[in-house]
Amino acid sequence: MVVSNKSAMGIIFPNSFDALIPDMVNVRLMASLPFASRYRLIDFILSSMSNCGINNVALLPSRNYHSLMDHIGSGREWDLVRKNGGVNIFPPFADRSAKLSTGRVGALAGILRYLKEQKEKYIVMSDSNFAANIDFSAMIDAHIASGADVTIAYNEQKLPEDFLDSNDVNKDLYYTLGIQDGRVTKIHVNSTETGVQNFSMNIFVISRELLIDLVNTAFVRGQEHFTRDILLSQVNKLNIQGYKYTGYVARICSIKSYFDENMKLLDDYNLDALFEGSSIYTKIRDDNPTRYISGCVAKNVMVADGCVIEGEVENSILFRGVKIAKGAKVKNCILMQDTVVEAGANIEYLISDKKVTVSAGKEMKGTDVYPVYIAKKHRV
């Protein structure tokens, strides 16, 4: 059954917070980061939009977007193959030096003509550095009911240590909200406050015409950041409402947080919390079912299809096509697509990117606070 929400379209920023995991986004962007054994981070936000009938979605990458284009394809898996709307990727023009530091204003300014041609009344904008299963219909309804100019989704949590410990002002900004009677009265940039905060998820609902007007004005003034330069400066002028999200959120802000958030899904409670409700879709690979060869040992693992396990694996996440040879030992690891662990290898607290090979007899061990990362297609 086709679900349609003609009142809203979606905009996703795939490169959000790339600077926090530079090694892992060397050949990809945050949105196409593999997660939970068979998904990419973009799958969660794109599936949430599709499930709520948002069938017109624009992706605004700034670099390293080839992996995203390969993964999304025509958008068929998300029911986004449409004559009008569907999923559209807007890479930067070749003669534009688009960088993350230009912020969302520049990216939105580049598609203003496209936005003016659309028919939807509202726009849902979102980053893609997290995994969550969001009911956007409820958020749009709350936005309309409150009469807000802008609605910002947030969740209550302590600020991640990776943000608090960062001294690099060139990394993406994060925001916490001061809220009174549902209205956002203050927006704090890169706060260092301790304790539970109203942590912005960088998800916004706004009318299409208002967004066009705000971006037009901000761009000619040389402003870059949507929240810092537009919303913060007009927090008393615009009616900005907060929308509290109480569902499960896995936020990626470092290699360690990537490791931790994946490992949390080995707990059934967290797994059910993330995937309960609407379905999450991803690109189909059509692998064979995973084969567990006689004599292998597998304890507390999340395993995608296409794997072959002959050795021992424990407390680990295995993506599609991983092969663990006889005599190999894998513990507390995340092995991405088509990783091969040869006979007699012993690895622990390791993150392997796609098509990595761990040679026979090799031993590699990280720690729970500092997992070892092996880049794509490397042999160690």
R221 CZ: over 12 foreign heavy atoms closer than 6.0 Å: no

Residue from V356, V322, I351 passing side-chain contact (heavy atoms from CB on, under 4.5 Å) with M336: I351

Any side-chain heavy-atom pair from N88 and Y114 closer than 4.5 angstrom? yes

With heavy-atom distances below 4.5 Å as the criterion, would you say the side chains of N270 and L274 are in contact? no

Nearest non-hydrogen partners of I203 and V124, listed with the distance: CG2-CG1, 4.4 Å

Could you give me the CA-CA distance, side-chain angles and deciding distance for T282 and E77, then say whether side chain to side chain contact (heavy atoms under 4.5 Å, CB included) is met? CA-CA 6 Å; T282 191; E77 285 82 359; over 6 Å; no

Please determine if K244 and E156 form a salt bridge, counting it only when a charged side-chain N lies under 4.0 Å from a carboxylate O. yes

Reference residue T176; test side-chain contact (heavy atoms from CB on, under 4.5 Å); the match among N198, V189, L159, N190: L159

Please work out whether the ring planes of Y39 and F275 are parallel, tilted or perpendicular, with thresholds of 30° and 60°. tilted

Could you check whether any side-chain N or O of D213 sits under 3.5 Å from a backbone N or O of E209, counting only pairs where one atom can act as donor and the other as acceptor? no

Pair D287-R38, salt bridge (Lys or Arg N to Asp or Glu O under 4.0 Å): steps then yes or no: CA-CA 11 Å; D287 272 321; R38 66 191 301 263; over 6 Å; no

Taking every heavy atom of P61 against every heavy atom of P14, the minimum-distance pair comes out as N-CD, 3.7 Å

Using a 4.5 Å cut-off on heavy atoms from C-beta on, say whether the side chain of N55 contacts that of L80. yes

Are I324 and I317 grouped together when hydrophobic residues (ILVMFWY) are joined by side-chain heavy atoms under 4.5 angstrom apart? no

Heavy atoms from other residues, nucleotides or ligands near CD of Q234 exceed 12 (cutoff 6.0 Å): yes

Y65 and I72, any side-chain heavy atoms less than 4.5 Å apart: no

N239 and Q241: side chain donor to acceptor below 3.5 Å: yes

To the nearest 0.5 Å, what is the distance between OH on Y258 and CD1 on I21? 8.5 Å

Has T290 got a side-chain atom pairing as donor or acceptor with A304's backbone, closer than 3.5 angstrom? yes

In Å, rounded to the nearest 0.5 Å, how long is the span from CD1 of I152 to OH of Y243? 14.5 Å

Show your working on side chain to side chain contact (heavy atoms under 4.5 Å, CB included) between L231 and V235 and close with a plain yes or no. CA-CA 6 Å; L231 300 186; V235 71; over 6 Å; no

Tell me whether N15 contacts the main-chain N or O of R63 through its side chain, where contact means a donor paired with an acceptor under 3.5 Å. yes

Using modelled atom types only, decide if a donor and an acceptor are shared between the side chain of H71 and the backbone of M69 within a distance under 3.5 Å. no

Does any N or O in the side chain of N129 come within less than 3.5 Å of the main-chain N or O of F17, such that one atom is a donor and the other an acceptor? no

salt_bridge(R28, D70) N-O dist < 4.0 Å: no

NZ on K119 to OG on S7, rounded to 0.5 Å: 15.5 Å

Can you label the angle between the F259 ring and the Y349 ring as parallel, tilted or perpendicular, going by 30° and 60°? tilted

Over all heavy atoms of both residues, which pair between E363 and K365 is shortest? Give the atoms and the distance, please. OE2-CE, 3.7 Å

Is any side-chain heavy atom of F204 closer than 4.5 Å to a side-chain heavy atom of I123? no

CD1-CG distance between I187 and L177, expressed to the nearest 0.5 angstrom: 6.5 Å

CG of L211 to CD1 of I11: how many Å apart, nearest 0.5 Å? 6.0 Å

Apply the test side chain to side chain contact (heavy atoms under 4.5 Å, CB included) to residues N202 and R104: give CA-CA distance (whole Å), side-chain angles for both, the deciding distance (0.1 Å), then the verdict. CA-CA 11 Å; N202 286 345; R104 291 163 181 77; 4.2 Å; yes

Ignoring hydrogens and geometry, is there a side-chain-to-backbone donor-acceptor pair from T217 to V215 under 3.5 Å? no

Is it true that the side chains of N51 and Y281 contain a donor and an acceptor less than 3.5 Å apart? yes

Side chains of residues 292-303: which donor-acceptor pairs under 3.5 Å do they make with residues two or more places apart or in other chains?
from	atom 1	to	atom 2	distance (Å)
N300	ND2	N315	OD1	2.8

If you look at every heavy atom in L265 and A36, which pair is closest and at what distance? CD1-CB, 3.6 Å

Determine yes or no for a side-chain-to-main-chain donor-acceptor pair under 3.5 angstrom, with N26 supplying the side chain and D23 the backbone. no

Return yes if a side-chain donor-acceptor contact under 3.5 Å exists between Y373 and D353, otherwise no. yes

Going by distance alone, is a donor N or O of one side chain under 3.5 Å from an acceptor N or O of the other, for D79 and S50? no

Mind checking whether I111 and L210 sit in one hydrophobic cluster, side chains of I, L, V, M, F, W, Y counted as touching below 4.5 Å? yes

If two hydrophobic side chains count as joined below 4.5 Å and joins carry through other members, does M125 share a cluster with L232? yes

Could you check if a side-chain atom of L350 sits within less than 4.5 angstrom of a side-chain atom of L335, using non-hydrogen atoms only? yes

Transitive ILVMFWY side-chain link M201 to V196, under 4.5 Å: no

Test item: S278 and N133 side chains (from C-beta on) under 4.5 Å apart, heavy atoms: yes

Just do the side chain to side chain contact (heavy atoms under 4.5 Å, CB included) check on I252 and F35 with the steps written out, would you? CA-CA 10 Å; I252 309 303; F35 188 78; 4.2 Å; yes

Rounding to 0.5 Å, atoms OG (S257) and CG (L20) come to a distance of 8.0 Å

Less than 6.0 angstrom from the centroid, inside 45 degrees of the normal: does R251 satisfy that with respect to the ring of F199? yes

Quick check: does any side chain N or O of R208 sit under 3.5 Å from a backbone N or O of E120, one acting as donor and the other as acceptor? yes

Kindly give the heavy-atom pair with the smallest separation between L29 and V25, and that separation in Å. C-CG1, 3.9 Å

Grab the two heavy atoms, one from E224 and one from D229, that are nearest each other, plus how far apart they are. N-OD2, 2.9 Å

Neighbour count >12 (heavy atoms, 6.0 Å) for atom CZ, R291: no

Under 4.5 Å between any side-chain heavy atoms of E342 and R379, yes or no? yes

Kindly say whether N332 contributes a backbone atom to a donor-acceptor pair with the side chain of S316 at under 3.5 angstrom? yes

I'd like to know if the side chain of T357 and the backbone of V340 have a donor-acceptor N/O pair within less than 3.5 Å. no

